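Here the structure is laid out as structure tokens; the discussion comes afterwards.
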Number of protein chains: 2
Amino acid sequence: MIDTYRKDIRGLDLFADMEPESFDALMRGAYVQSFPPQIQLISEGEAPDFLHVVLSGSVDLFSTWNGRETSMATLYPISTFILAASVKNAPYLMSARTLERSRIALLPSEDVRAIFDTDNSFARTIVTELAQCYRSVVKNTKDLKLRTSLERLANYLLRQRRRTGSDEFDLRMEKRRLASFLGMTPENLSRAFKGLEPYGVKVKGSHIAITNPDDLLQFAKPDPLIDDYSI
Amino acid sequence: MIDTYRKDIRGLDLFADMEPESFDALMRGAYVQSFPPQIQLISEGEAPDFLHVVLSGSVDLFSTWNGRETSMATLYPISTFILAASVKNAPYLMSARTLERSRIALLPSEDVRAIFDTDNSFARTIVTELAQCYRSVVKNTKDLKLRTSLERLANYLLRQRRRTGSDEFDLRMEKRRLASFLGMTPENLSRAFKGLEPYGVKVKGSHIAITNPDDLLQFAKPDPLIDDYSI
DNA sequence: TTGGCGCCTTGATATATATCAAGCTAAGAT
DNA sequence: ATCTTAGCTTGATATATATCAAGGCGCCAA
């Protein structure tokens, strides 16, 4: 494991506070691999052999049932998945595939659980991390159940605006994947973008410009208890 | 705190393994209160003053946005809510109300966090609990995004069948609340029950009889990665 | 026993969303 | 530079779901 990767991983909240010996132990069994785009890294139902860390590129978490598929989340560096399955040693609930060429660190789940058992501060950090994950999914459920697809898109755009700190930004994923994440078809996403034009949303390819933030805010009614990922 | 309640709480996975001193400390600040039906116990956005334990009765967790409301989960004895907010000391994401007369134990969140900081085995148990919660919400999201309302109802009935171990059972909640939980209107739930008649679902008031489980199974296609809450 | 009330059901209609079938556009390949 | 192709858009249509408005049923209270 080269030192840059080691430092990247150590920088994550999840690993920042753990005992040096624990971190060393965890890194001993870990390795980094580079994957081409569209490679399936894990499949739902499998045993959780590794805790994954996205070091570069991006990864889509998705689920399937009865021939249908939906995107559950997209991960960007530096972040981990799938922690809950690893610590519980329970089958993955989601599959994962690279969206672009990506570097992924693989930490054996067995090591994660072993260190979890011995390093108390690591165990506590995992609590914080899992609580955060849990709350994110709850927010996502509220988004899905309480809002129409147009409202979901409007709030998604406002979250991107906040993340980038700018009224203009590029979508970070294909529109078809965004559609799936927002729980709609690509066709309807197209129409939804049109539907937001009256509120000052200009779309050119994957470039978005919000020309009238106040109008969009009034329509979208963002709520920290749904849209603020930091609380 | 009378001894029965104490024993009930101690019996929960979350508290079963913790140090006796820790448990005593937690119980010292705790108290049990009885509430009439339809009393709002907590409101989303509030600070998490207490970790709640349902000792008897039932509690609905729901969320609101922009004048709309949706049921997120219903809790039965003996179970806790809202652990994630308590340990993170972050605002509640959901509100809670009693559905019937209910006895609720209230454990000060501050105490929970204090003991979490000192009792290592308690910290580890919380990890397991939160991982379980997280996975449940992920399953719920898959249910919502991958299935139609008819399929969600069919699988809900099959889960009740499994829980009760019988082809006949009573719904544990009002149909309107079930509708909200399943992400549909009461009118559509009514029609959905009709729509399941061809698969051997008989409804009389809140009593359900599944006369042809194989047909229903074939239609519903239950999946352990969505419908099995134990993994 | 009998109102009355709340919840559920039903039918009619409206809206939201998905599907299907072309076309269009832009980025990469030759 | 042109071809090719994948992804996106658009319009037409179908389906799913919500809304609105009555009506029915059962449970509780007087």
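Here is the naming used below: chain letters follow the sequence lines, and residue numbers restart at 1 for every chain. Keep in mind that this is a model prediction, so the values were computed, not measured.
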- To the nearest Å, how far apart are K194(B) NZ and dA16(D) C1'? 18 Å

- CZ of R176(B) versus P of dT10(C): gap in Å, rounded? 17 Å

- Atom-to-atom span, CG of L153(B) to P of dA16(D) - whole angstrom: 15 Å

- Message: Does any part of the side chain of Y5(A), heavy atoms only, come nearer than 4.5 Å to the side chain of R103(A), both counted from C-beta?
- Response: yes

- Message: Measure CE/M184(A) against C1'/dT19(C) and give the value in whole Å, please.
- Response: 16 Å

- Query: Checking all strands, does E187(B) fall into the base, sugar-phosphate, or nothing category for heavy-atom contacts under 4.0 angstrom?
  - Reply: base

- Message: Hydrogens and angles aside, do R163(B) and Q160(B) bring a side-chain donor and acceptor to less than 3.5 Å of each other?
- Response: yes

- Task: Can you tell me the distance, in whole Å, between the CG atom of L189(A) and the P atom of dT19(C)?
- Result: 15 Å

- Item | Exercise: do S180(B) and E69(B) side chains pair donor with acceptor under 3.5 Å | no

- Whole angstrom is fine here: how far is it from NZ in K175(A) over to C1' in dA26(C)? 12 Å

- Query: More 5' along DNA chain C: K204(A) or R147(A), using each one's nearest nucleotide?
  - Reply: R147(A)

- Task: Give a yes or no on whether D228(B) atom CG has more than 12 heavy-atom contacts from other residues, nucleotides or ligands under 6.0 Å away.
- Result: yes

- Query: When the distance from CZ of R191(A) to P of dT9(D) is rounded to whole Å, what number comes out?
  - Reply: 11 Å

- Query: Looking at N188(A), does any N or O in its side chain come under 4.0 Å of the phosphate oxygens OP1/OP2 on dT17(C)?
  - Reply: no

- Message: Please report the distance, rounded to the nearest Å, between CG in L182(A) and C1' in dT17(C).
- Response: 14 Å

- Task: Would you please confirm or rule out a distance under 4.0 Å between OP1 or OP2 of dT17(C) and any side-chain N or O of S149(A)?
- Result: yes

